[in-house]
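What follows is a set of notes on a single structure, which appears directly below.
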Amino acid sequence: MKLAEDKSTVITGAASGIGRATAKVFAEHGANVVVADVDVDGGNETVEAIEDDGGTATFVETNVADQDDVQNMIDTAVEEYGGLDVLYNNAGIDGPHTEIAEYDVDGFDQVVDVNLKGVFLGMKYGISAMLEDGGGSIVSTSSIGGVNAVEGYSGYGATKAGVSLMTKTAAVEYADQGIRANAVAPGLVNTQMVQNIIEEEPEMEEEFLAYEPMDGFSDPREIANAVLFLTSDLASRVTGVTLPVEGGFLASNS
């Protein structure tokens, strides 16, 4: 059963990692995908991978912190695929890794711009398009770091907590207008972001692997499958939630 047949779908941060995996999963389930990212080469590679598998996708170079770029991203979905059914606000950065007193102010601003303002802009313009088309479904990427404190990641954690609260607000504001808004909270996922941290601080790998009761890191497709579920008719009564996809981390650290 295809869960996204003919759905016009926008996915940010889709040049790699969770975003790329989600774009491919949605295409496999019949969606028409707008691949949005600042990484032109990576974004085009995602489109090529989807098309090689018989799917439909279009790349749009997008800085999610720039409102003109985000408006163009949404407009592309409407013009190319006839509307907007699904928006996955996934683009994000980890930012500085240091205690608050040493945290770089410019670095903090950048994390807020991408992780929080980017989600706000996606919702702002995405919701407007969905209202023109009778509704839709939004998912945004939060994090376990937005639920439990992670030392050295105050900026990242604050933005991810903000994503979850913004999601609840959108869900309440548009519940009677056919729009559902949810979030996913991944734990440790085998992405380039995590690998970069391990390369810089090799001792972190053992610490990361000890976080979750389930063995190993999550695969990006496991997050993608959760996003697909939340946007599908199988979750038609689900809105305003942040779904943990983290191998039991929160259950063991509550």
Side-chain angles (χ1 to χ4, degrees), residues 10-14 17-19 21-22 64-65 70 86-97 100 103 108-127 130 136-177 179-189 191 193-194 211-212 218 220 222-232 234-254:
V10 171
I11 299 174
T12 69
I18 294 171
T22 306
V64 296
V70 175
V86 173
L87 169 63
Y88 179 31
N89 293 307
N90 168 68
I93 59 175
D94 54 352
H97 178 204
I100 292 172
Y103 205 105
F108 184 86
D109 288 344
Q110 185 180 22
V111 173
V112 171
D113 276 351
V114 176
N115 294 4
L116 190 58
K117 182 182 177 183
V119 171
F120 161 72
L121 291 174
M123 287 188 179
K124 175 178 175 62
Y125 295 111
I127 287 170
M130 288 176 178
S137 182
I138 300 168
V139 174
S140 303
T141 298
S142 182
S143 170
I144 58 170
V147 180
N148 283 14
V150 179
E151 290 183 50
Y153 286 97
S154 57
Y156 179 83
T159 59
K160 293 303 184 179
V163 167
S164 291
L165 186 54
M166 193 181 301
T167 294
K168 290 181 180 180
T169 304
V172 172
E173 289 179 347
Y174 297 97
D176 62 350
Q177 297 180 69
I179 294 175
R180 296 186 298 110
N182 294 290
V184 288
L188 272 298
V189 185
T191 63
M193 182 185 294
V194 170
Y211 274 10
E212 300 178 5
S218 299
E222 294 178 294
I223 314 303
N225 289 335
V227 176
L228 179 68
F229 163 71
L230 286 172
T231 61
S232 76
L234 296 176
S236 59
R237 197 68 180 175
V238 180
T239 195
V241 306
T242 295
L243 176 65
V245 190
E246 34 62 277
F249 171 83
L250 294 177
S252 63
N253 290 273
S254 57

To the nearest 0.5 Å, what is the distance between [atom1] on [X] and [atom2] on [Y]?
X: Ile11; Y: Thr141; atom1: CD1; atom2: OG1; result: 10.0 Å
X: Ile144; Y: Leu188; atom1: CD1; atom2: CG; result: 6.0 Å
X: Leu243; Y: Thr167; atom1: CG; atom2: OG1; result: 12.0 Å
X: Leu250; Y: Glu212; atom1: CG; atom2: CD; result: 9.0 Å
X: Phe120; Y: Thr169; atom1: CZ; atom2: OG1; result: 12.0 Å
X: Leu116; Y: Asn89; atom1: CG; atom2: CG; result: 11.0 Å

Measure across [X] and [Y] and return the closest heavy-atom pair with its distance rounded to 0.1 Å.
X: Lys160; Y: Ser143; value: CG-CB, 3.7 Å
X: Glu173; Y: Gln177; value: O-NE2, 3.7 Å
X: Ala170; Y: Ile127; value: CB-CD1, 4.4 Å
X: Val150; Y: Gly145; value: CG2-CA, 4.1 Å
X: Tyr156; Y: Tyr103; value: N-OH, 4.1 Å
X: Thr12; Y: Ala91; value: OG1-N, 2.9 Å

> Just by distance, with hydrogens left out, do Ser142 and Ser164 show a side-chain donor and acceptor under 3.5 Å apart?
Replying inline: yes
Judged by atom type as modelled, is there a donor-acceptor pair below 3.5 Å linking the side chain of [X] to the main-chain atoms of [Y]?
X: Glu222; Y: Val245; value: no
X: Lys117; Y: Val64; value: no
X: Asn182; Y: Val241; value: yes
X: Ser140; Y: Ala183; value: no
X: Asn148; Y: Asn253; value: yes

>> With a sphere of 6.0 Å drawn around CZ of Phe108, does it hold more than 12 non-hydrogen atoms of other residues, nucleotides or ligands?
In response: no
> Please walk me through it: do Lys124 and Val70 pass side chain to side chain contact (heavy atoms under 4.5 Å, CB included)?
Replying inline: CA-CA 9 Å; Lys124 175 178 175 62; Val70 175; over 6 Å; no
> Can you say whether the rings of Tyr153 and His97 are parallel (under 30°), tilted (30 to 60°) or perpendicular (over 60°)?
Replying inline: parallel
> Do Thr191 and Pro220 come within less than 4.5 Å of each other through their side chains, counting heavy atoms only?
Replying inline: yes
> Does some side-chain heavy atom of Thr22 sit less than 4.5 Å from a side-chain heavy atom of Asn90?
Replying inline: no
